[in-house]
Amino acid sequence: MSEATDQEPKLLVEIQIQLARIEKTLETVPMMTATLEAVKETARDAQQAAASAHQRLDGLGQTKDVADDARRKAEAALHRLDQAEDEQNWFKRTFYGAVIVAVGGALVTAIFAAINLAGT
């Protein structure tokens with residue numbers, strides 16, 4: 001029995017050592033809790049930022065549709081302007097052609113009138 005009594009203090013010392021190790025390990029738990037709270041806060045901020053970015057991306061999709069529509073309208077307006085310019089050129093050519101024909105006709109008439117007056 002003396003062996004059993006000799007073993008008890010060693011066993012108690014060993015248990016105390018193990019308890020001290022456990023206590024040492026548990027000392028970091030409060031610091032881990034604070035760190036965990038900071039991580040949760042960061043995760044919430046990241047989630048909010050991601051949601052905000054998602055909303056902005058959705059807005060960009062709508063903006064792209066509006067920009068595409070504006071581009072189509074601008075191209076149609078440029079096409080109408082080109083047609084109007086062609087019509088203006090046609091009008092100018094027609095007007096100047098008529099003026100040239102009228103001036104030419106007047107000159108021919110004046111020449112024939114001068115020849116008729118000179119010949120009589």
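Keep in mind that this is a model prediction, so the values were computed, not measured.
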At what distance, to the nearest 0.5 angstrom, does CG of L81 lie from CD of Q88?
-> 10.0 Å

Tell me who clusters with V108, hydrophobic residues only, linked when side chains sit under 4.5 Å apart either directly or through other members.
-> F112

Side chain to side chain donor-acceptor pair (under 3.5 Å) partners of T25, counting only residues at least two apart | none

By salt bridge (charged side-chain N to carboxylate O under 4.0 Å, His left out) - contacts of D69 (at least two apart) = R72, K73

With a 3.5 Å cut-off and sequence neighbours excluded, list the donor-acceptor pairs that the side chains of residues 90-99 form with protein atoms.
| unit_1 | atom_1 | unit_2 | atom_2 | d |
| --- | --- | --- | --- | --- |
| T94 | OG1 | W90 | O | 2.8 |

Rounded to the nearest 0.5 Å, the CG atom of L12 sits from the CG atom of L19 at a distance of 10.5 Å

dist Q16:CD -> L11:CG (nearest 0.5 Å) comes out at 10.5 Å

Gap between atom CZ of R71 and atom NZ of K64 - 0.5 Å precision = 8.0 Å

Between the CG atom in L107 and the CD1 atom in I100, the distance rounded to the nearest 0.5 Å is 12.0 Å

Examine the side chains of E75 and H79 and answer whether a donor and an acceptor come within less than 3.5 Å of each other.
-> no

What pairs meet the side-chain hydrogen bond (donor to acceptor under 3.5 Å, both in side chains) rule with one or both residues in residues 46-55, with sequence neighbours excluded?
-> S52-R56

Roughly how far apart are I22 CD1 and K24 NZ, rounded to 0.5 Å?
-> 14.5 Å

Flag side-chain contact, heavy atom, 4.5 Å: R44 against K40 = yes

If you link ILVMFWY side chains whenever their heavy atoms are less than 4.5 Å apart, which other residues fall into the same cluster as V101? By chain and number, please.
-> none

